[in-house]
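In this text the structure is predicted, and so the values were computed from the model without any measurement.
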Amino acid sequence: MGTFDCEVRIESMDGQGGLELEAMVDTGAAYTMVPARLLHELGVQAVRKMEFVMADGRRVHLDMGEVRATINGRTVTTLVVFGEEGTRPLLGAYTLEGLGLAADPVNGELIPLPFAYA
């Protein structure tokens, strides 16, 4: 596993709100996480609650919603976790796979997937 940062645009599903974030790409994270305050400001609605195991080992129940994420001109509708206050934006595998991108932690960049599994 490895981490590096990248720019991502997050937009509400109705297109009324959006923002550019610097997010940590973490090859061990399943879902994208953004501080709940920012998601609320964008008007993102929670659609479910799930249990997550945080990096420090804590188990927490957090809301999830849907947003549109854009990186390097690629856009996808994806799930996003409403992170706790002070949470650093995190770009997870679910979003990356939807965008057809893979993390290259050695070079600290995102690269297009050469193919997709069906």
Side-chain angles (χ1 to χ4, degrees):
M1 291 191 282
T3 64
F4 57 92
D5 293 336
C6 79
E7 294 292 322
V8 58
R9 178 163 179 80
I10 300 292
E11 296 180 7
S12 59
M13 293 301 293
D14 63 9
Q16 297 299 308
L19 63 105
E20 304 285 333
L21 295 172
E22 183 169 307
M24 179 173 61
V25 178
D26 183 343
T27 58
Y31 293 103
T32 295
M33 183 178 290
V34 175
R37 178 185 53 80
L38 295 177
L39 294 174
H40 290 301
E41 288 174 8
L42 290 178
V44 177
Q45 300 295 313
V47 296
R48 69 173 124 165
K49 189 176 284 271
M50 287 182 58
E51 182 178 30
F52 296 91
V53 177
M54 306 305 281
D56 62 8
R58 290 180 299 126
R59 290 181 178 270
V60 295
H61 288 84
L62 299 171
D63 288 329
M64 293 183 77
E66 293 180 320
V67 297
R68 293 183 55 80
T70 302
I71 298 175
N72 298 332
R74 295 172 181 237
T75 302
V76 69
T77 299
T78 189
L79 294 171
V80 64
V81 178
F82 286 65
E84 298 172 323
E85 188 62 34
T87 298
R88 184 173 177 198
L90 179 71
L91 187 62
Y94 183 87
T95 303
L96 288 173
E97 289 181 17
L99 290 164
L101 296 170
D104 176 357
V106 173
N107 294 309
E109 62 185 8
L110 296 174
I111 56 173
L113 290 171
F115 55 86
Y117 295 99

Could you go through residues 89-99 and list every donor-acceptor pair under 3.5 Å that involves a side-chain atom there, pairing it with any protein atom two or more places apart or in another chain?
residue	atom	partner	partner atom	Å
Thr95	OG1	Thr32	OG1	2.7
Thr95	OG1	Thr78	OG1	2.8

Compile the donor-acceptor pairs under 3.5 Å between side chains in residues 36-43 and protein atoms, sequence neighbours left out, one pair per line.
residue	atom	partner	partner atom	Å
Arg37	NH1	Glu41	OE2	3.2

In this structure, would [X] and [Y] fall into the same cluster of hydrophobic residues linked by side-chain contacts under 4.5 Å?
X     : Y      : answer
Ile10 : Val25  : yes
Leu21 : Leu110 : yes
Phe82 : Met33  : no
Val34 : Leu79  : no

To check you understand the geometry: which heavy-atom pair defines the closest contact between [X] and [Y], and what is its length?
X      : Y      : result
Ile71  : Glu7   : CG1-O, 3.8 Å
Ala103 : Pro105 : O-CD, 3.2 Å
Glu109 : Phe4   : O-CZ, 3.3 Å

Tell me, with the steps shown, if Asp5 and Arg88 meet side-chain contact (heavy atoms from CB on, under 4.5 Å).
CA-CA 11 Å; Asp5 293 336; Arg88 184 173 177 198; 2.4 Å; yes
Which residue pairs satisfy the ring-ring contact (aromatic ring centres under 6.0 Å, His included) criterion with at least one member in residues 42-62, sequence neighbours excluded?
none
Quick one: salt bridge (Lys or Arg N to Asp or Glu O under 4.0 Å) pairs with a partner in residues 50-65, sequence neighbours left out?
Lys49-Asp63, Glu51-Arg59, Asp56-Arg58, Arg58-Glu84
Who pairs with Asp104 by salt bridge (charged side-chain N to carboxylate O under 4.0 Å, His left out), at least two apart in sequence or on another chain?
none
Counting only pairs under 3.5 Å, give me each side-chain donor-acceptor contact of residues 13-20, with atom names and distances, residues two or more places apart or in other chains.
residue	atom	partner	partner atom	Å
Asp14	OD1	Ser12	OG	2.6
Asp14	OD1	Gln16	N	2.8
Glu20	OE2	Arg9	NH1	3.4

